[in-house]
Amino acid sequence: MSPAAKSQNPLSPKDRMKVPRQLMPEQPAEARAHNFEEVNLGYNPELAQQEALRCLECAKPTCTDNCPVGIDVKDFVQKIVIGDFLGAAAKIREANVLPAITGRVCPQEDQCEGKCLLSKKVKPLGIGYLERFVADYEQRMGTHIVPKATPTGKKVAIVGSGPSGLTVAGDLIQKGHKVRVFEALHEIGGVLVYGIPEFRLPKQIVREQIEYMRQMGVEFETDVVVGRTVTIDELLNEEGYDAVYIGTGAGLPQFMNIPGEHLNGVYSANEFLTRINLMKAYKFPVFDEPMLDLHGKDVAVIGGGNTALDAIRSALRLGARKAYVIYRRSDAEMPARAEEVHHARQEGIDFQMLTAPVEFLSDGKGWLTGARCVRMELGEPDASGRRRPVPKAGSEFEVPLSVAVIAIGTTANPIVQSTTPGLDTNKRGYIQASEETQRTTRKGVFAGGDIVTGAATVILAMGAGRRAANSIHEYLTTGQW
Amino acid sequence: MFKIIHAQFLAPGIKRFVIEAPRIARKQKPGQFVILRIYEEGERIPVTIENSDPEKGTINIVVQSAGKTTNLLNTLETGDSILDVVGPLGKPSEIHNYGTAVVVGGGVGTAMAYPTAAALKRAGNRVISIVGARNKELVILEKEMREVSDALLITTDDGSYADKGFVTDKLKQLIQNGTRIDLVVAVGPIVMMKAVSELTRKENIHTVVSLNPIMIDGTGMCGGCRVMIDGKSEFACVDGPEFDGHRVNFEVLVQRNAMYRDAEQKSMEEFKRSREEHACIATSDQGEKR
């Protein structure tokens, strides 16, 4: 049986390849560089249906194989072709509880779209754009179907309300378990609220997704630092939880240990973004949390990941005169999403590639005035498989700066591990968990996301959450560890 | 929401709040702190825990008016609520039987020194406490400190109560008198902790200080509270707040705590102005009632 036989797509495979990838409508670069409104505006139904026509409906869809949560892409895209947008959303929700979020922040080029058959000849199908479209459509229609499962009588504590914790919560509540999510901060969402800026992921979208989870019956408790406010053992033994999932996320920001890092004006990306996104410091004095005024100032971010780009594009929107990305490798090695790099260049971010700071410079009174940098060249591949950057002799130069933001990664947060006896960690301090089942070395305790893998992406954390939810369900129903 | 069960000024500008926070009350240990946020647009600030009652599910915090948030907090009364209180944060004080421990509390720092002094006493130490304040009115928790100390020495900067001078004068006397000191714990203004550490460094007395850098999340995530310990960055919220006073770079702490001085002043001025406006309205209301 050929897939075309039951296809509702009127175009032949050849004609589908002639349809160009539909461009995402976006705010003009000049305008958006000065506001925090979302960059991408989203497809309308016509654009979505036109884009959906491009799907080749492969017999063995590699897009789904390459999706960490296993979304049935072919099926939901076909529903868009016939105009059943709510059906498409429901299809996605079978595998993904946060489609409006992943549709915006997934690195699709490394996941579904990276394996799209179309990309061998033309541009890949805009799977992320389509996912976002149906999720937003469903939200606008307000026709969420909240499934009610038969209660199992089991209850699960989830530590951390970021993407992996929310995924576990969404999956387990649909299987009838009682679920309570503990969050250390005052707002639910983890990195989705403190890390990713408004212009890439509006907080209203996150709130709506969380409201949807509340309607499904998920309970949330903020202001609880598990390990300090309550321990894992207390949750299991005193509060009667049958299982615990640890999804505490990326940990302590790393610094470079170069001179001047303690100067006023040097931020970690986590602090810089938390002040802006969670604390709304850019609305000071309406909001009380302060941050340094960036108007007319020169700002640099050190690093080449999504966090780095989020930070520097935020700085630009807060009035920075010059906004640099200083990255020690080349374009090819940059871990940031391709679309973000493209958008950042359009907005006028100055990319200083193959460059690394060696010292932050001071005015003698404790304030940052610049960075001494060195140019790099790429040598032999290192442990990450990427070519190791090596400093070029005699290439040192100075960049005047008022603010520098360090976005070179994180190390494991020790709070949960150090207060949970028997919970093994690896050499780098991350929690040891099975890659298949997300089980830790403690009975009834599961872990996933950045606290297991080290800093990664929203969708990989959600993939771990999915596996954990299945494995927790199995444990709760069979009682076998 | 966290309900204020009781609010009472201990001294001008220094207020104690008993707050309903059962989870924190159950876990609080000496040396730890909470982070709180009063209202939706508010900032997150670290605040000292003076004591807790696990049975009643309450914690006591002590707050000194300094900037907008602490001033606003100190306008709250019994029956009011605080939007967010999270903790207990930081590593607890290391409590052992050291022998003789000198616990130094400067100003509002006395509130944080108190539970540590009490725990050291319970662990069998001989506890000599030194409490310093600017003047008589600002000496707090005298009775409480006396109860947990074998000896209590008090100094005021202006001599309006007890002995005129600084806490370091008393510490110096103890050392000069040949008192054997196995541990010094100092909690208070940075200049005080620095002076104590410099004094004890010469005598080679193990000294613990409790640092108070600017913080946001308090869980290690943001790195804003980094302090320089032996030339390396450590995070006060997860590695501290207590550190070996001989390894701390106090200059960097002073410098980093001044990072938002302009913004803090602006906040404070606007706060004062709005209070004055409110006061005017309140006065005119009263006028009408009369």
Side-chain angles (χ1 to χ4, degrees), chain A residues 183-187 190-191 194-195 221-225 227-231 234 248-255 257 261-275 278-281 283-293 365-367 406 410-415 418, chain B residues 2 21 23-24 26-27 32 34-45 67-69 72 83-91 214 216-228 231-233 235 238-239 249 251-256 258-264 266-267 270-271:
Chain A
E183 168 57 46
L185 292 171
H186 57 259
E187 241 187 277
V191 71
Y194 76 73
E221 186 173 344
T222 52
D223 296 327
V224 176
V225 181
R228 295 261 193 252
T229 316
V230 62
T231 62
E234 287 164 347
T248 46
L252 284 50
Q254 269 186 305
F255 290 90
N257 289 316
E261 235 164 10
H262 58 276
L263 290 168
N264 293 354
V266 180
Y267 284 102
S268 77
N270 279 3
E271 181 186 358
F272 187 76
L273 289 169
T274 299
R275 283 184 184 274
L278 179 72
M279 305 308 298
K280 310 274 181 268
K283 294 184 183 170
F284 180 88
V286 176
F287 281 72
D288 288 338
E289 194 80 48
M291 67 181 296
L292 296 177
D293 185 1
K365 294 174 199 150
W367 288 86
I406 300 174
T410 53
T411 56
N413 189 320
I415 294 181
S418 64
Chain B
F2 295 78
R23 283 192 185 278
I24 305 174
R26 236 161 61 107
K27 302 292 287 184
Q32 293 186 302
V34 289
I35 284 185
L36 56 80
R37 190 175 71 128
I38 308 175
Y39 63 114
E40 203 50 50
E41 290 80 20
E43 62 180 339
R44 293 170 65 98
I45 59 159
K68 174 182 172 180
T69 302
L72 187 61
L83 186 55
D84 295 286
V85 180
V86 61
L89 299 171
K91 284 185 184 166
I214 295 171
I216 308 181
D217 65 299
T219 66
M221 183 272 285
C222 87
C225 68
R226 64 189 188 274
V227 288
M228 276 252 259
K232 290 207 183 98
S233 283
F235 296 167
V238 289
D239 302 318
N249 185 327
E251 286 74 22
V252 164
L253 182 59
V254 169
Q255 165 218 309
R256 287 186 57 82
M259 192 153 161
Y260 299 106
R261 192 167 287 158
D262 293 348
E264 285 160 5
K266 190 173 170 190
S267 267
E270 297 217 349
F271 173 70

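Throughout, a chain's letter reflects where its sequence line sits, starting with A, and its residues are numbered from 1. Remember, predicted model here, so these are calculated numbers, not experimental data.
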Report task. Please report the C-alpha distance between T222(A) and E183(A) in whole Å, then the side-chain angles of each, then the deciding distance to 0.1 Å, and finally whether the side-chain hydrogen bond (donor to acceptor under 3.5 Å, both in side chains) criterion is met. Result -> CA-CA 5 Å; T222(A) 52; E183(A) 168 57 46; over 6 Å; no

Residue [X] versus chain B: region with a heavy atom under 4.5 Å:
X       : result
T229(A) : both
V266(A) : both
E261(A) : backbone
Y194(A) : side chain
L252(A) : both
I406(A) : neither

Chain A contact via [X] - which portion, at a heavy-atom distance below 4.5 Å:
X       : answer
V227(B) : neither
R37(B)  : side chain
Y39(B)  : side chain
M228(B) : side chain
V252(B) : side chain
E270(B) : side chain
R226(B) : side chain
I45(B)  : neither
Q32(B)  : side chain

Among [options], who wins on heavy-atom pairs under 4.5 Å with chain A?
options                          : value
E264(B), K91(B), M221(B)         : M221(B)
K232(B), E251(B), R44(B), R26(B) : R44(B)
G67(B), A21(B), G90(B)           : G90(B)
V34(B), V85(B), I24(B), I35(B)   : V85(B)

Query raised in the report: Do S268(A) and N270(A) meet the criterion of a side-chain donor-acceptor pair at a distance under 3.5 Å?
Result: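 There is no such pair (donor and acceptor under 3.5 Å, judged by atom type) between the side chains of S268(A) and N270(A).
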
Query raised in the report: Using a distance-only test with no angle check, is there a side-chain donor-acceptor pair under 3.5 angstrom linking Q254(A) and T410(A)?
Result: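 Result is no, nothing qualifies.
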
Report task. For side chain to side chain contact (heavy atoms under 4.5 Å, CB included), just list the numbers for W367(A) and M259(B), CA-CA rounded to whole Å, side-chain angles, deciding distance to a tenth of an Å, and then say yes or no. Result -> CA-CA 9 Å; W367(A) 288 86; M259(B) 192 153 161; 4.2 Å; yes

Quick one, [X] and [Y] - any side-chain contact, counting heavy atoms below 4.5 Å?
X       : Y       : answer
T274(A) : D217(B) : no
E40(B)  : F287(A) : no
V230(A) : V224(A) : yes

Requested in this report: Check the pair R256(B) / N264(A) against side chain to side chain contact (heavy atoms under 4.5 Å, CB included), numbers first and verdict last.
Outcome: CA-CA 6 Å; R256(B) 287 186 57 82; N264(A) 293 354; 3.6 Å; yes

Query raised in the report: Can you list the steps and then say if S267(B) with Y260(B) is a side chain to side chain contact (heavy atoms under 4.5 Å, CB included)?
Result: CA-CA 10 Å; S267(B) 267; Y260(B) 299 106; over 6 Å; no

Report task. Not counting sequence neighbours, which residues clear ring-ring contact (aromatic ring centres under 6.0 Å, His included) with F235(B)? List them please. Result ->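 Expected list: none.
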
Requested in this report: Quick one: closest heavy-atom pair of L83(B) and I38(B), and the distance?
Outcome: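 Distance-wise, the nearest heavy atoms are CB-O, 3.3 Å.
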
Query - Exercise: identify the closest heavy-atom pair between V225(A) and L89(B) - result: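 Scanning both residues completely, I find the closest heavy atoms to be CG2-CD2, 3.8 Å.
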
Query raised in the report: In terms of heavy-atom pairs under 4.5 Å, which option from T231(A), L273(A), L292(A), N257(A) contacts chain B the most?
Result: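 With the most close heavy-atom pairs to chain B, the winner is L292(A).
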
Report task. Just give me the residue among R275(A), E234(A), H186(A), E289(A) that pairs up with chain B most often, heavy atom to heavy atom, under 4.5 Å. Result ->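 Heavy-atom pair counts peak at H186(A).
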
Query raised in the report: To the nearest 0.5 Å, how far apart are OH in Y267(A) and SG in C222(B)?
Result: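 Output value for this atom pair is 10.5 Å.
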
